[in-house]
Amino acid sequence: MNRFDLESAVLVVGLGNPLMADDGFGSAVIDALRPLGLHRGLTVAVVPDVLHLWSVWRGQWAVWMVDAVASGDVPGTIHRLEHDALLGLPVRSGSAHHLDFGVCLRWLLHANPDLSCVRFRMWGVEPAGVSIRPALSPSVTAAVAPVVREIQILAAGAAPGATS
């Protein structure tokens, strides 16, 4: 482990807006984690987007993010991205008014060099829809429990898919 102690090991961040249908996936996962009791060293937070990450980061060596991600796959599909894949996401938008996730993450690291020691991980779910509606679609609702379970397993120090 690096210079941070176990009390500040991992920050799990739900990204998105719970009032915008499946964009609330991140919030739903955090809401499901809280009553289960958090493993030592695990902290949770909800922010609207990755650029707000700096406001909840308190020196954790790992930041695990949960969000809705649209890739054109089947709604409810869970995407798992590790650190290098997140930082290598291609630029898809040509506008400074709509920055892609990867661009935002790289900008955040540039703006706050202290975050350069952080290892990122992301669970993204393919949304069925994003509209003004404070409820997840059935396919995205079904993805909440498996993501919560994977986070619990990783927080306990086991690999995904391991039994405990």
Side-chain angles (χ1 to χ4, degrees), residues 10-39 42-58 60 62-112 115 118-155 160-161:
V10 179
L11 172 62
V12 182
V13 181
L15 304 169
N17 184 343
L19 300 177
M20 295 296 291
D22 291 343
D23 193 41
F25 177 69
S27 295
V29 168
I30 298 302
D31 289 346
L33 276 169
R34 281 188 174 124
L36 299 176
L38 300 177
H39 291 279
L42 196 69
T43 304
V44 296
V46 176
V47 295
D49 60 57
V50 72
L51 290 176
H52 287 85
L53 179 60
W54 65 270
S55 69
V56 294
W57 182 70
R58 300 293 179 262
Q60 293 90 345
V63 175
W64 300 347
M65 298 169 284
V66 184
D67 198 6
V69 294
S71 71
D73 215 332
V74 175
T77 299
I78 300 169
H79 305 281
R80 295 160 185 88
L81 296 168
E82 298 294 328
H83 183 84
D84 292 335
L86 284 166
L87 292 177
L89 287 171
V91 176
R92 298 187 196 275
S93 172
S95 168
H97 299 286
H98 182 268
L99 299 175
D100 294 316
F101 187 89
V103 172
C104 288
L105 189 56
R106 289 187 295 272
W107 183 88
L108 188 65
L109 290 171
H110 178 73
N112 188 345
L115 284 167
V118 171
R119 296 299 295 174
F120 294 99
R121 175 186 301 258
M122 180 180 197
W123 287 265
V125 70
E126 193 72 35
V130 176
S131 60
I132 299 174
R133 180 175 47 91
L136 300 177
S137 66
S139 57
V140 170
T141 298
V144 171
V147 170
V148 166
R149 181 70 181 139
E150 286 181 30
I151 290 170
Q152 289 181 302
I153 289 169
L154 283 171

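Owing to the predicted nature of the structure, the values given are computational and were not obtained by experimental measurement.
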Which atoms form the tightest heavy-atom contact between [X] and [Y], and what is the distance?
X	Y	value
Pro35	Ala32	CD-O, 3.5 Å
Val66	Val12	CG2-CG1, 4.4 Å
Leu86	Met65	CD1-CE, 3.9 Å
Ala155	Leu42	CB-CD2, 4.0 Å
Ala143	Val125	CB-CG2, 3.6 Å
Ile132	Met20	CG1-SD, 3.6 Å

Would you check if [X] and [Y] make a side-chain contact, meaning some heavy-atom pair closer than 4.5 Å?
X	Y	answer
Phe120	Leu105	yes
Thr43	Gln60	yes
Glu150	Arg80	yes
Leu87	Arg106	yes
Val13	Val47	yes
Trp107	Asn112	no
Leu11	Val118	no
Arg121	Val63	no

Quiz item: Among all residues two or more places apart in sequence or in another chain, which pass the salt bridge (charged side-chain N to carboxylate O under 4.0 Å, His left out) test with Asp31?
Solution: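 In terms of salt bridge (charged side-chain N to carboxylate O under 4.0 Å, His left out), with neighbours along the sequence ignored, Asp31 is linked to Arg34.
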
Quiz item: Are Arg119 and Glu82 close enough for a salt bridge, meaning some N to O gap below 4.0 Å?
Solution: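 Salt bridge flag = no for Glu82 with Arg119.
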
Self-check item: Expected output: side-chain Glu126 to main-chain Ser71 donor-acceptor under 3.5 Å
Solution: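 Such a contact is found between Glu126 side chain and Ser71 backbone.
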
Practice problem: Please check if the side chain of Arg58 supplies one atom and the backbone of Ser55 the other of a donor-acceptor pair under 3.5 Å. | Solution: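 Yes.
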
Quiz item: What distance separates Leu109 CG from Leu115 CG, expressed to the nearest 0.5 Å?
Solution: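 If we round to the nearest 0.5 Å, Leu109:CG and Leu115:CG are 6.0 Å apart.
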
Quiz item: For the atom pair CG (Leu89) and SG (Cys104), what is the distance rounded to the nearest 0.5 Å?
Solution: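 Between atom CG of Leu89 and atom SG of Cys104 there are 11.0 Å.
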
Self-check item: Residues in ring pair (Phe, Tyr, Trp, His ring centres under 6.0 Å) contact with His79, at least two apart in sequence or another chain
Solution: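 Here no residue qualifies.
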
Quiz prompt | Leu33 and Ile151: CA distance, side-chain angles, deciding distance, side chain to side chain contact (heavy atoms under 4.5 Å, CB included) verdict | solution = CA-CA 9 Å; Leu33 276 169; Ile151 290 170; 4.0 Å; yes

Practice problem: Could you check whether the rings of Trp64 and Trp123 sit parallel, tilted or perpendicular, using 30° and 60° as the cut-offs? | Solution: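 Ring orientation, 0 to 90° scale: perpendicular.
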
Return all side-chain donor-acceptor pairs below 3.5 angstrom for residues 22-30, not counting sequence neighbours, or 'none' if the list is empty.
residue: Asp22; atom: OD1; partner: Ser137; partner atom: N; Å: 2.7
residue: Asp22; atom: OD1; partner: Ser137; partner atom: OG; Å: 3.1
residue: Asp22; atom: OD2; partner: Ala128; partner atom: N; Å: 2.7
residue: Asp22; atom: OD2; partner: Gly129; partner atom: N; Å: 3.2
residue: Asp22; atom: OD2; partner: Ser137; partner atom: OG; Å: 2.9
residue: Asp23; atom: OD2; partner: Asn17; partner atom: N; Å: 2.9

